[in-house]
Amino acid sequence: MVLKECVRGLKELRPLTHLLLPLCFHWIAEAMTVSVLVDVVTSALCPGQTTCTEAIYISGLQQTVVGIFKMVVLPLLGQLADEYGRKPLLLITVSTSIFPFAVLAWNQSRESVYVYYVLRTISFIISQGSIFCIAVAYAADIIEEGNRAAAFSWITGFFSASHVLGNLLARFLPEKYIFVVSIVLLIFGPLYMHFLLAETVERVPKRDRDSTFFTKITNVAHKRYESMRDAAAIVFKSPTLGGISFVLFFYELGMSGISSVLLFYLKAVFGFNKNQYSEILSMVGIGAIFSQILVLPLLNPLVGEGWILSLALLASIAYGLLYGLAWASWVPYLSASFGAIYILVKPATYAVISKGSSSMNQGKTQGFVAGVKSIASLLSPLAMSPLTSLPLSTVKVSAL
């Protein structure tokens, strides 16, 4: 039974090969830098220390700025993907990660870390969340509605598998080669897409070729406003889409706050380094691969996306509580085990949103709901950064 489901899932994904292969390389490249970034940033901003309050506040500021702009950028990119095609938007979004990591590959001084944060903030504004939204819309163009939940689960499963591979590379590669290898993989992704990825949307014909520059700008602004208003109307007039937006807002409010400070917290409290980070992230990734590629496709026909989403949300609560109450260095590993379940929030919500949207509005609705999530990611660091840095500063003072 399980083997049949796997074979059927792979057959459904065959048309998505030229989408998933470059995205996997992109995700591997990004994942392999996560565990080493904490050490690089801490060494540059707070040399000789294990606790770096400045890094925590900068990360919180970065997330706040990204959240502010993503509220507009994510719905806008979704609209543009519906109108001008998935491929050009994917090429833009996956290319933005090259530049910040190139800076750290060249130099890891204090000034370079500041430049990295500026470029990475711009990259996050354009790519964070939007890559998934456009990829899901691309898949919805090709995959039949009844098979989309399984297809989305396989896509997020490949995302988790890429993170496991990235963490393994980070675990065994010397630190000085990590950013160089990452850049090579990041460049490969858009080049592959450019030559081999097929477009699934007909481009909108240009009708204002003879208009003045000011008229063109005015028309574009008006069109974007109307399109965004239409997307809001589609979401809030639908009980399903409105409800999922409400749930995801509070989910993202908690989870993005935890993720923005978690690695700095573990470094300060338990002295974790890139090896422990890689172990925890690999543990989450391996469990996520199993749950997304095998468990969700088997459970979804039996219980539906709603039940799976509820179970995943309960697991996210346990995940957060265990990290907050961690009393020994093994507790974060226990907490990470719940990642295999809460990771199902993503494919389940993609399936719910896709089912509640027409084929013409896949990009709009996915982008608008992602914009709602970005509001939560904007608000969460306002509380999480002070709440994390204050007790860590107290621990540091008492240790002195």
Side-chain angles (χ1 to χ4, degrees), residues 16-41 44 59 62-63 66 69-70 73-74 77 81 85-109 112-136 138 155-197 259 263 274 277-278 281-282 285 370:
L16 302 178
T17 302
H18 294 313
L19 171 69
L20 291 177
L21 184 61
L23 285 183
C24 284
F25 278 98
H26 176 85
W27 292 329
I28 289 170
E30 292 212 326
M32 66 188 295
T33 64
V34 172
S35 57
V36 75
L37 269 174
V38 177
D39 291 336
V40 170
V41 170
S59 296
Q62 180 189 51
Q63 190 173 340
V66 169
F69 285 96
K70 274 172 62 180
V73 171
L74 272 173
L77 291 175
R86 320 296 189 202
K87 183 175 177 176
L89 273 297
L90 282 169
L91 286 172
I92 293 169
T93 51
V94 300
S95 299
T96 57
S97 299
I98 298 170
F99 307 102
F101 293 127
V103 172
L104 292 184
W106 174 59
N107 195 301
Q108 296 180 5
S109 65
S112 297
V113 167
Y114 288 140
V115 173
Y116 160 80
Y117 269 114
V118 172
L119 295 177
R120 191 58 170 154
T121 300
I122 297 170
S123 169
F124 275 148
I125 290 169
I126 298 172
S127 66
Q128 193 180 56
S130 59
I131 293 176
F132 254 114
C133 289
I134 300 168
V136 165
Y138 187 99
I155 292 172
T156 53
F158 276 108
F159 173 76
S160 299
S162 302
H163 274 243
V164 171
L165 290 174
N167 291 322
L168 289 175
L169 283 173
R171 180 72 174 81
F172 297 108
L173 269 179
E175 189 173 309
K176 63 180 179 179
Y177 296 124
I178 287 177
F179 291 111
V180 176
V181 174
S182 175
I183 291 167
V184 172
L185 296 176
L186 287 170
I187 292 172
F188 171 80
L191 285 176
Y192 185 100
M193 284 185 182
H194 176 73
F195 290 109
L196 295 175
L197 185 67
S259 63
L263 299 186
K274 82 176 183 75
Y277 298 148
S278 296
L281 294 171
S282 297

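Because the structure is a prediction, the values reported are computed rather than measured.
The closest side-chain heavy-atom distance from F179 to V36 is below 4.5 Å. Contact check for I92 versus L77: no side-chain heavy atoms found under the 4.5 Å cut-off. Residues V113 and Q108 form no side-chain contact, since every pair of their non-hydrogen atoms from C-beta on lies 4.5 Å or further apart. You'll find the side chain of L197 reaches within 4.5 Å of the side chain of Y138, heavy atoms only.
S97 and E30 form a side-chain donor-acceptor contact under 3.5 Å, judged by distance and modelled atom types alone. A donor and an acceptor atom, one from each side chain of S109 and S112, are located under 3.5 Å apart.
With rounding to the nearest 0.5 angstrom, the CD1 atom of I131 is 6.5 Å from the OG1 atom of T96. Summarising the geometry, atom CH2 belonging to W27 is positioned 4.5 Å from atom CG belonging to L23; distances are rounded to the nearest 0.5 Å. To the nearest 0.5 Å, the span separating CG on N107 from OH on Y116 amounts to 15.0 Å. Of the inter-residue distances, the one linking L20 atom CG with F25 atom CZ reads 12.5 Å to the nearest 0.5 angstrom. Distance check: L185 CG to L169 CG gives 7.5 Å after rounding to the nearest 0.5 Å. Between Y117 atom OH and I122 atom CD1 the span is 15.0 Å, to the nearest 0.5 Å.
The minimum heavy-atom distance between T33 and S182, with the atom names listed, is CG2-OG, 3.6 Å. Of all non-hydrogen atoms in T93 and I126, the two that sit nearest each other are CG2-O, 3.5 Å. Closest heavy-atom contact between M32 and L173: CE-CD1, 3.7 Å. S162 and I28 get closest at one heavy-atom pair: O-CG1, 3.4 Å. Residues A135 and L90 approach most closely at N-CD2, 4.3 Å, considering heavy atoms.
In this structure, the side chain of R86 does not engage the main chain of I134 through any donor-acceptor pair within 3.5 Å.
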Show your reasoning for whether side chain to side chain contact (heavy atoms under 4.5 Å, CB included) applies to R120 and F101. CA-CA 8 Å; R120 191 58 170 154; F101 293 127; 3.8 Å; yes
Tell me, with the steps shown, if F159 and F132 meet ring-ring contact (aromatic ring centres under 6.0 Å, His included). CA-CA 10 Å; F159 173 76; F132 254 114; 5.1 Å; yes
Step-by-step side chain to side chain contact (heavy atoms under 4.5 Å, CB included) determination, V180 to W106: CA-CA 9 Å; V180 176; W106 174 59; over 6 Å; no
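Scanning for side-chain contact (heavy atoms from CB on, under 4.5 Å) contacts around L91 gives K87, P190, M193, H194, with sequence neighbours left out.
Taking a 6.0 Å sphere around CZ of F69, one finds it holds 12 or fewer heavy atoms contributed by other residues, nucleotides or ligands. Annotation: Y177, atom OH; neighbour count of heavy atoms from other residues, nucleotides and ligands within 6.0 Å does not exceed 12.
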